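Have a look at the structure below before the remarks.
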Amino acid sequence: MEFTAKNIAEFVGGRIEGDENAAVSTFAKIEEGTKGALSFLYDGKFAHFLYETAASVVLVSDGIELTKPVSATIIRVKNAREAVARLMQLYESLQAKKTGIDPAAHIASTANIGEESYVGAMAYIGDGAVIGKGCQIYPLAYIGDNVRLGDGCTVYPNAVIYHDCIIGNRVILHAGSVIGADGFGFQPTAEGYEKIPQIGIVTIEDDVEVGANTCIDRSTMGSTYVRKGVKLDNLVQIAHNTDIGRHTVMSAQVGVAGSTKVGERCVCAGQVGIAGHITVGDRVTFGAKTGVHSSVGSNKELIGIPPQPQFAYFKMLALMRRLPELNKQVAELERQVAELEKKIKP
């Protein structure tokens, strides 16, 4: 599949500097660009790669000034990173998708499979399950009884959807993800811990992506919710009865405890931990390893344990590096004060 610089510029609304007939058929990082490849440059600090790359076409963000000749054809766009993402989405959408049901798949007689869907070998689809149109169910995926899966979903190998859970349209579940396992509910007794049945479900809305080996637990009652457009990285844990707001993103190893509500368009960097039964507002950013123990309002950028504004946190870290030196200074001052006290005593 081949595109010219002119085709690309028309699609992304860019301006061509160079040969509009330059053709590309693949993507490459700018430092690894070869003839026939499309690359991009969104940050001026990497501009030196542009003068060295062998890529045929490079998307360049407006505002990056060139100081040397460039052999590649340049397409100027507002944001090169966004433009290349759109092109990669187009490229992926043009790839042929599998259809049909492999003879080795197990599909219950009461299940309903939508048109143009694919079900791979050894995949399991339970009683009463409904699979939407154009879904891709890869080998060894498990879809339990009465699950509802919307249109255009992708369920990769070894992903598991427990019974009764509801999945929206265009949801992607990566390998090893588990949707609807029991929430961590136990009642302490004299004999130990008694299991509290988790009789609720998980509801995942449209356009959500769930990373490999990520777990979203079913609710004790009602539903655990992952709202529209949420993106979860690998190894994320979402506990029972939580509600993750629209377009929130969470990096690897984030954990959210039970019955917590996280607002819309929040960002959780790696290893953030959020305690249970609290509320996080909209548009909150937590830096890596932040420990959130109480509710947080909207429009904040926080980091640390307990969470604090980023400037204050990094100022504290700078002071901590000086603690050994400050400790010596304090010890010396204490010694001097003690000597002065001896001299002024009657």
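Quick caveat: nothing in here was measured; it's all calculated off a predicted structure.
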Legend entry - Whether Glu82 side chain and Ala80 backbone form a donor-acceptor pair below 3.5 Å: no
Legend entry - Test item: Asn234 and Asn213 side chains (from C-beta on) under 4.5 Å apart, heavy atoms: no
Legend entry - Donor-acceptor contact present, side-chain Ser259 to main-chain His277, <3.5 Å: no
Legend entry - Flag, side chain of Ser298 to backbone of Asp282, donor-acceptor distance under 3.5 Å: yes
Inset, instruction - Using modelled atom types only, decide if a donor and an acceptor are shared between the side chain of Arg148 and the backbone of Gly132 within a distance under 3.5 Å. - result: no
Inset, instruction - Compare all side-chain heavy atoms of Ile125 with those of Tyr142 and state whether any distance is below 4.5 angstrom. - result: no
Inset, instruction - Identify the residue among Lys343, Gln336, Lys342, Arg335 that makes a side chain to side chain donor-acceptor pair (under 3.5 Å) with Glu339. - result: Arg335
Legend entry - Linked, directly or transitively: Val171 and Ile166 (ILVMFWY side chains, under 4.5 Å): no
Legend entry - Any Ile238 side-chain heavy atom under 4.5 Å of Ile244 side chain: yes
Inset, instruction - First locate atom CD1 of Ile201, then atom OH of Tyr225, and finally report the distance between them rounded to the nearest 0.5 Å. - result: 6.5 Å
Legend entry - Heavy-atom pair of closest approach, residues Thr220 and Asn241: N-OD1, 2.9 Å
Inset, instruction - Might you work through the salt bridge (Lys or Arg N to Asp or Glu O under 4.0 Å) test for Lys328 and Glu325, ending with a clear yes or no? - result: CA-CA 5 Å; Lys328 289 180 181 179; Glu325 175 189 346; over 6 Å; no
Legend entry - Whether Thr110 side chain and Gly128 backbone form a donor-acceptor pair below 3.5 Å: yes
Legend entry - Closest non-hydrogen atom pair, Gly63 against Arg76: N-NH1, 4.2 Å
Legend entry - Test item: Val292 and Ile278 side chains (from C-beta on) under 4.5 Å apart, heavy atoms: yes
Inset, instruction - May I ask you to test the Val267-Phe286 pair for a side-chain heavy-atom distance under 4.5 Å? - result: no
Inset, instruction - Determine the minimum heavy-atom distance between Gly36 and Ser56, stating which atoms define it. - result: N-OG, 2.7 Å
Inset, instruction - Can you measure from CD1 (Ile75) to OG1 (Thr73) and round to the nearest 0.5 angstrom? - result: 7.5 Å
Legend entry - Heavy-atom neighbours of Tyr91 OH exceed 12 at 6.0 Å: no
Legend entry - Tyr124 with Ile179, same ILVMFWY side-chain cluster at under 4.5 Å: no
Inset, instruction - Starting from the C-alpha separation in whole Å, work towards a yes-or-no answer on side chain to side chain contact (heavy atoms under 4.5 Å, CB included) for Lys97 and Thr99. - result: CA-CA 7 Å; Lys97 291 187 176 181; Thr99 58; 5.6 Å; no
Legend entry - Any side-chain heavy-atom pair of Leu66 and Tyr51 under 4.5 Å: yes
Inset, instruction - To the nearest 0.5 angstrom, please state how far the CG atom of Asp233 sits from the CD atom of Glu209. - result: 9.5 Å
Legend entry - Worked verdict on Val130 versus Val147 for side chain to side chain contact (heavy atoms under 4.5 Å, CB included): CA-CA 6 Å; Val130 177; Val147 166; over 6 Å; no
Inset, instruction - Could you check Asp243 against Arg227 for salt bridge (Lys or Arg N to Asp or Glu O under 4.0 Å), going step by step and ending with a plain yes or no? - result: CA-CA 7 Å; Asp243 189 329; Arg227 303 294 183 177; 2.9 Å; yes
Inset, instruction - Locate the shortest heavy-atom distance separating Gly168 from Cys153; write the atom from each residue and the value. - result: O-SG, 3.0 Å
Inset, instruction - Report yes or no: does Gln136 contribute a side-chain atom to a donor-acceptor pair with the main-chain N or O of Lys98 at less than 3.5 Å? - result: yes
Inset, instruction - Would you please classify the geometry between the Tyr138 ring and the Tyr156 ring as parallel, tilted or perpendicular, with 30° and 60° separating the classes? - result: parallel
Inset, instruction - Would you tell me whether Gln271 and Gln253 have side-chain atoms, one donor and one acceptor, within less than 3.5 Å of each other? - result: yes
Counting only pairs under 3.5 Å, give me each side-chain donor-acceptor contact of residues 306-320, with atom names and distances, residues two or more places apart or in other chains.
none

Inset, instruction - May I ask you to check whether Phe184 and Phe186 place their ring centers less than 6.0 Å from one another? - result: yes
Legend entry - Point-to-point distance, once rounded to the nearest 0.5 Å, from CD1 of Ile131 to OG of Ser117: 7.5 Å
Inset, instruction - Would you kindly confirm whether Ile305 and Ile303 end up in one hydrophobic cluster when ILVMFWY residues are joined by side chain heavy atoms under 4.5 Å apart? - result: no
Legend entry - Straight-line distance of Ile161 CD1 to Ser177 OG, nearest 0.5 Å: 7.5 Å
Inset, instruction - Can you sort out the partners of Asn169 under side chain to side chain contact (heavy atoms under 4.5 Å, CB included), two or more places apart, ordered by chain and number? - result: Asp151, Asp206
Legend entry - Shortest non-hydrogen contact between Ala129 and Ile143, atoms and distance: CB-CG2, 4.4 Å
Legend entry - Contact check, side chains of Thr279 and Thr260, non-hydrogen atoms, under 4.5 Å: no
Inset, instruction - For residues Val202 and Asp217, report the shortest heavy-atom separation together with the two atoms involved. - result: CG2-O, 3.4 Å
Legend entry - Cluster check Ile8, Met88: I/L/V/M/F/W/Y, side chain < 4.5 angstrom: yes
Legend entry - SB check Arg81 Asp43 (cutoff 4.0 Å): no
Inset, instruction - Give a yes-or-no answer on whether the side chains of Ser219 and His240 include a donor-acceptor pair shorter than 3.5 Å. - result: no
Inset, instruction - Any chance you could measure Lys228, atom NZ, to Asp207, atom CG, to the nearest 0.5 Å? - result: 4.0 Å
Legend entry - Leu38/Leu87 under side chain to side chain contact (heavy atoms under 4.5 Å, CB included): CA gap, chis, key distance, verdict: CA-CA 10 Å; Leu38 171 69; Leu87 286 166; 3.6 Å; yes
Inset, instruction - Check whether any side-chain N or O of Thr53 sits under 3.5 Å from a backbone N or O of Leu50 as a donor-acceptor pair, and report yes or no. - result: no
Legend entry - Main-chain N/O of Ala55 paired to Thr34 side chain as donor or acceptor, under 3.5 Å: no
Inset, instruction - Begin with the C-alpha distance, continue with both residues' side-chain angles, and end with the deciding distance and a verdict on side chain to side chain contact (heavy atoms under 4.5 Å, CB included) for Ile216 and Thr224. - result: CA-CA 8 Å; Ile216 304 172; Thr224 299; 4.0 Å; yes
Legend entry - Cluster link Ile172 to Ile204, ILVMFWY, side chain under 4.5 Å: no
Legend entry - Heavy-atom side-chain proximity of Cys165 to Arg218 below 4.5 angstrom: yes
Legend entry - Greater than 12 external heavy atoms within 6.0 Å of Glu65's CD: no
